[in-house]
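In the text below, chain A, chain B and the rest are named by the order of the sequence lines, each starting its count at 1.
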There are 2 protein chains.
Amino acid sequence: MNVNEAIAIMKEEGHKYTDKRRDMLQLFADESRYLAAKDVLEALKPTYGGMSFDTIYRNLSLFTDLGILEATELDGEKRFRFNCATTHHHHHIICLECGRTSHIHHCPMEAAAVSAPGFEVVDHKFEIYGYCRECRQTEAG
Amino acid sequence: MNVNEAIAIMKEEGHKYTDKRRDMLQLFADESRYLAAKDVLEALKPTYGGMSFDTIYRNLSLFTDLGILEATELDGEKRFRFNCATTHHHHHIICLECGRTSHIHHCPMEAAAVSAPGFEVVDHKFEIYGYCRECRQTEAG
DNA sequence: GATCAAATCGGAATAATTACTATTCAAAAA
DNA sequence: TTTTTGAATAGTAATTATTCCGATTTGATC
């Protein structure tokens with residue numbers, strides 16, 4: 001998934017291509033980490049002074065529905081990142097300080113002998129939380 | 001972990017034993033599933049008409065700190081359940097409808113060849129979401 | 001029973017998110 | 001290019017979950 005692919009999907013599905021949508025996509029492409037709604041507002045404030053939260057939330061929701069972004073919930077707020085699992089399914093190691101991520105190339109779903117007969121699985125989550133090397137060094141310094 | 005153990009821990013740590021705390025613990029012991037703050041209020045409303053959310057949140061937080069409850073975040077709200085991982089570490093299969101849980105007796109942390117050198121792990125989550133047999137039957141019927 | 005700190009109540013404050021209406025604008029048609 | 005039209009947006013109000021705070025109550029200790 002890259003910005004052009006995302007734009008293609010968006011147009012394909014009959015959604016309008018606006019400056020704000022382009023810049024939001026570019027932001028997520030540039031930052032390979034989880035961002036909250038307020039982070040998006042903060043990042044686009046220099047360009048669009050009065051950008052509405054409504055716009056941000058609506059677009060985050062749209063992009064997630066279209067598979068362009070993936071979402072998780074951490075510390076009381078929803079966070080989004082560019083969907084990097086389109087080529088192969090994987091999970092994330094997430095830094096609690098900066099939101100930076102690494103990949104886990106092992107999906108436990110395969111190994112988990114699901115011991116709940118009759119249970120219909122619709123989703124799963126495997127995430128590791130902690131502090132990345134960079135944040136630990138900053139902290140130490 | 002059971003109610004008596006929980007009460008023992010609470011007293012041990014110098015916290016007062018109140019009717020509301022006893023009933024909250026009993027509620028979590030009876031329901032082996034994730035409950036949100038409002039679920040607790042709902043359940044204890046017949047006994048204590050005007051129970052404050054402050055009381056509920058404060059106690060949920062206390063119990064979690066003491067290791068009596070474990071918490072997760074789902075669909076915009078924090079949810080809590082009796083800590084059932086005191087004997088052996090495990091994860092949960094969670095019904096999105098009723099919150100009922102089953103155990104996953106396989107922790108992916110052991111197998112996950114963590115590919116983030118320098119990363120300090122502080123927590124991890126492995127959860128499977130879907131619909132349990134009971135809720136699917138209710139839905140179908 | 002008296003004392004005191006902790007627990008609780010009730011309501012206000014905060015923060016994230018969603019909803020609503022008037023206005024603006026991208027894209028297709030003329 | 002201009003017109004048209006419905007989707008997108010701004011600005012603000014409403015909603016929901018959670019936390020905070022001063023006044024009051026209560027469990028545990030003496």
Practice prompt. Take the protein atom CG of D23(B) and the nucleotide atom P of dT8(C), then report the distance between them rounded to whole Å.
Written response: 11 Å
Worksheet item: When you match Y17(B) and N59(A) each to their closest nucleotide on DNA chain D, which lands nearer the 5' end?
Response: N59(A)
Side chains of residues 43-54 of chain B: which donor-acceptor pairs under 3.5 Å do they make with residues two or more places apart or in other chains?
| residue | atom | partner | partner atom | Å |
| --- | --- | --- | --- | --- |
| Y48(B) | OH | D19(B) | O | 3.4 |
| Y48(B) | OH | D23(B) | OD2 | 2.8 |
| S52(B) | OG | D54(B) | N | 3.0 |

Fill in: Short N-O contact, E31(B) and R81(B), less than 4.0 angstrom
no
Discussion item. Output one letter per nucleotide in nucleotides 13-24 of chain C: B when a protein non-hydrogen atom lies under 4.0 Å from the base, S when only the sugar-phosphate is that close, - when neither is.
Written reply: ---SBBBB----
Worksheet entry | K11(B) to Y17(B), cation-pi by 6.0 Å centre distance and 45° axis angle | yes
Worksheet item: Does any N or O donor sit under 3.5 Å from an N or O acceptor when you compare the side chain of K16(B) with the base of dA5(C)?
Response: yes
Worksheet item: Roughly how many Å is it from NE2 in H15(B) to P in dT8(C), rounded to a whole number?
Response: 12 Å
Practice prompt. For R58(B) and dG10(C), give me the distance from atom CZ to atom C1', rounded to whole Å.
Written response: 13 Å
Worksheet, complete the sentence: Rounded to whole Å, CZ of R21(A) lies from P of dA27(C) at a distance of 10 Å
Discussion item. It should be established whether T18(B) places a side-chain nitrogen or oxygen under 4.0 Å from OP1 or OP2 of nucleotide dT8(C).
Written reply: yes
Worksheet item: K11(A) has a side chain; which of dA6(C), dT8(C), dA27(C) sits nearest to it?
Response: dA27(C)
Practice prompt. Give the C-alpha distance, both sets of side-chain angles, the deciding distance and a yes or no for side chain to side chain donor-acceptor pair (under 3.5 Å) between H91(B) and H124(B).
Written response: CA-CA 10 Å; H91(B) 295 279; H124(B) 68 280; 3.1 Å; yes
Discussion item. Please check: side-chain N/O of R21(B) versus main-chain N/O of K16(B), any donor-acceptor pairing under 3.5 Å?
Written reply: yes
Worksheet item: Have E70(B) and T64(B) got a donor and an acceptor in their side chains that come within less than 3.5 Å?
Response: no
Discussion item. Regarding R136(B) and E120(A), does a basic nitrogen lie under 4.0 Å from an acidic carboxylate oxygen?
Written reply: yes
Worksheet item: Which two nucleotides bound the region of DNA chain D that has atoms under 4.0 Å from heavy atoms of chain A, read 5' to 3'?
Response: dG6(D) to dG11(D)
Discussion item. Does atom CD (E134(B)) have a neighbourhood of more than 12 heavy atoms from anything else shown, all under 6.0 Å?
Written reply: yes
Worksheet item: Going by distance alone, is a donor N or O of one side chain under 3.5 Å from an acceptor N or O of the other, for K20(B) and T55(B)?
Response: no
